[in-house]
Each structure stands twice: as C-alpha cells, then as structure tokens.
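The block underneath contains the structure these notes are about, expressed in structure tokens.
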Amino acid sequence: MSDSGNDTDEPLSPDELGPRLMEVFDLVGPLYRRVQREVERGEAVEGLSVGVRAVLDLLRRHGPMTVPQMGRAQAISRQFVQRMVNDATARDLVESTPNPAHRRSSLIRLTDGGRAAITAVVAREHAVLREVGGDLTDADLRACVHVLTRMLALFDTVEVDGPPPRPVRATPP
C-alpha cells in the first residue's frame, strides 16, 4: 500500500477514504483469482471444483442451508449454487432434506463423505496459509476483517440473481 502520510488512528475523510479503499480493491481482485487458481490446483487432489468447495465449506461452517441462503451468503446466483449442489449431490457429498420452514426449498446438508472431503480441503488450505509468515498480529487481522466487512456491506444491496444493470450513457458535452 502507498503511504498517505496519515498514519494515525483518526478516521479518514471521505476524500481520503475512497482512494485508500481502492488500494484494497486493487489487492483483493488478484488475491482472489490467485487463491481460486490454487484451489483449482488442489482439485486434482481432492476432486472438488471451486464452486463445490464453496458449497461444502458453507455447510461445514453454518450447517444445513437452502440454495437461496447459500447464494445470498456468497453473493452468487441461485442457479450457479444449484448447479454446484447438483454436482455435489451426484458425488454423494451433500443431500437434500425437508425444510420445516419452507416446503418448496429443501435444506442441503453434508453427508459423511462431504464432511470428510471438505475437512481434507480445509486442512490442506490451512497448511498453505501457515506459510504466510511475517509479523502479522491478531490486531492486524481483526482490522483487515473489519475493513473488508465494511466494504462488503457497502455493496450489500447489489442483486446477484437479476440481470446486470444497463450501462449509464454519458451525455455529450
């Protein structure tokens, strides 16, 4: 990150905040794509696509969920989640169970095989992440999570299942 010269604990002004948050976006995109490629490399070992891995991990962390709940949690379309659930079901990694809260939207839960598969993936990923090293502190990581959570909340209303917005045409000068 660049040094803005404002190395204090005081909140940044909106004019300073925007460019500093763009520095975060500039790092998050490449980081996400590199992590995704690493997960895909692991697919040869565990046999899980990035999408199926995401579904299994959500279920590992949160317990049984509906497809729409998973889509909202990951900000991806229900259709994509459904395809990943179908793939995982075909491999006996997840199963559908009745949802007492909603007859038409089943709960998806891990099978024993699914739990074993995601446990192995997470263990491999944790081993890789231990190699980050450096002098990162718990406070550093809490601050990082805090910033990313605030940035995510800013875009909380972005619809992931609808059509993309129409481009805004600039009026000629």
Side-chain angles (χ1 to χ4, degrees), residues 1 21-102 105-161:
M1 281 198 187
L21 289 176
M22 282 309 300
E23 291 179 51
V24 175
F25 276 119
D26 290 345
L27 293 170
V28 168
L31 174 63
Y32 172 78
R33 287 184 289 279
R34 288 177 184 176
V35 168
Q36 187 172 8
R37 283 193 293 274
E38 181 65 21
V39 170
E40 288 167 346
R41 278 185 8 172
E43 182 179 353
V45 177
E46 290 95 8
L48 300 178
S49 68
V50 172
V52 169
R53 182 242 177 260
V55 164
L56 297 183
D57 194 46
L58 271 176
L59 297 174
R60 176 186 68 86
R61 290 184 290 120
H62 300 289
M65 298 175 78
T66 65
V67 168
Q69 287 170 333
M70 286 186 266
R72 283 190 299 276
Q74 290 294 306
I76 53 180
S77 75
R78 288 187 304 268
Q79 292 82 3
F80 179 79
V81 173
Q82 187 63 62
R83 286 195 310 271
M84 297 305 101
V85 166
N86 292 347
D87 289 352
T89 300
R91 298 183 53 205
D92 197 31
L93 300 171
V94 300
E95 61 189 1
S96 296
T97 62
N99 181 355
H102 196 285
S105 188
S106 299
L107 287 171
I108 309 301
R109 71 177 179 196
L110 289 171
T111 62
D112 289 342
R115 185 166 307 286
I118 193 61
T119 298
V121 168
V122 169
R124 183 181 62 79
E125 291 169 354
H126 286 180
V128 169
L129 292 174
R130 279 194 286 271
E131 296 175 24
V132 168
D135 58 354
L136 296 177
T137 67
D138 189 57
D140 292 335
L141 296 177
R142 278 195 316 271
C144 178
V145 169
H146 175 74
V147 169
L148 293 174
T149 300
R150 294 289 295 270
M151 292 172 74
L152 185 60
L154 175 65
F155 298 101
D156 211 22
T157 60
V158 173
E159 180 62 44
V160 295
D161 276 318

Non-hydrogen atoms of Val145 and Thr149 that approach each other most closely: O-OG1, 2.7 Å
query: Do the side chains of Glu95 and Thr89 get nearer than 4.5 Å, heavy atoms only?
result: no
query: Is the closest side-chain heavy-atom distance between Leu56 and Val121 below 4.5 Å?
result: no
- prompt: Is the shortest heavy-atom distance from the side chain of Met151 to the side chain of Val28 under 4.5 Å?
  reply: no
- prompt: Is any side-chain heavy atom of Ser106 less than 4.5 Å from a side-chain heavy atom of Pro98?
  reply: no
- prompt: Are any non-hydrogen side-chain atoms of Ile118 and Leu93 less than 4.5 angstrom apart?
  reply: no
task: Any chance you could measure Leu154, atom CG, to Leu21, atom CG, to the nearest 0.5 Å?
output: 8.5 Å
Asp57/Arg53 salt bridge by N-O under 4.0 Å criterion: yes
statement: Taking every heavy atom of Ile108 against every heavy atom of Leu59, the minimum-distance pair comes out as O-CD2, 3.3 Å
Expected output: side-chain Asp140 to main-chain Thr137 donor-acceptor under 3.5 Å: yes
task: Would you indicate whether the side-chain heavy atoms of Met65 and Leu107 approach each other to under 4.5 Å?
output: no
- prompt: Under a 4.5 Å cut-off applied to non-hydrogen side-chain atoms, are Glu23 and Leu27 in contact?
  reply: no
Lys/Arg-Asp/Glu bridge criterion (N-O < 4.0 Å) met for Arg115, Asp112: no
- prompt: When rounded to the nearest 0.5 angstrom, what is the spacing between CG in Leu110 and CG in Leu58?
  reply: 10.0 Å
Show me the donor-acceptor pairs, under 3.5 Å and distance only, between side chains in residues 71-83 and residues at least two apart or in other chains.
unit_1 : atom_1 : unit_2 : atom_2 : d
Ser77  : OG     : Phe80  : N      : 3.1
Arg78  : NH1    : Asp161 : OD2    : 2.9
Gln82  : NE2    : Asn86  : OD1    : 2.9

- prompt: Are side-chain heavy atoms of Val55 and Met70 found at a separation under 4.5 Å?
  reply: yes
task: Show the numbers, then the answer: is there a side chain to side chain contact (heavy atoms under 4.5 Å, CB included) between Thr66 and His102?
output: CA-CA 9 Å; Thr66 65; His102 196 285; 6.0 Å; no
- request: State plainly whether the residues Glu125 and Arg130 are in salt-bridge range, i.e. N to O under 4.0 Å.
  value: no
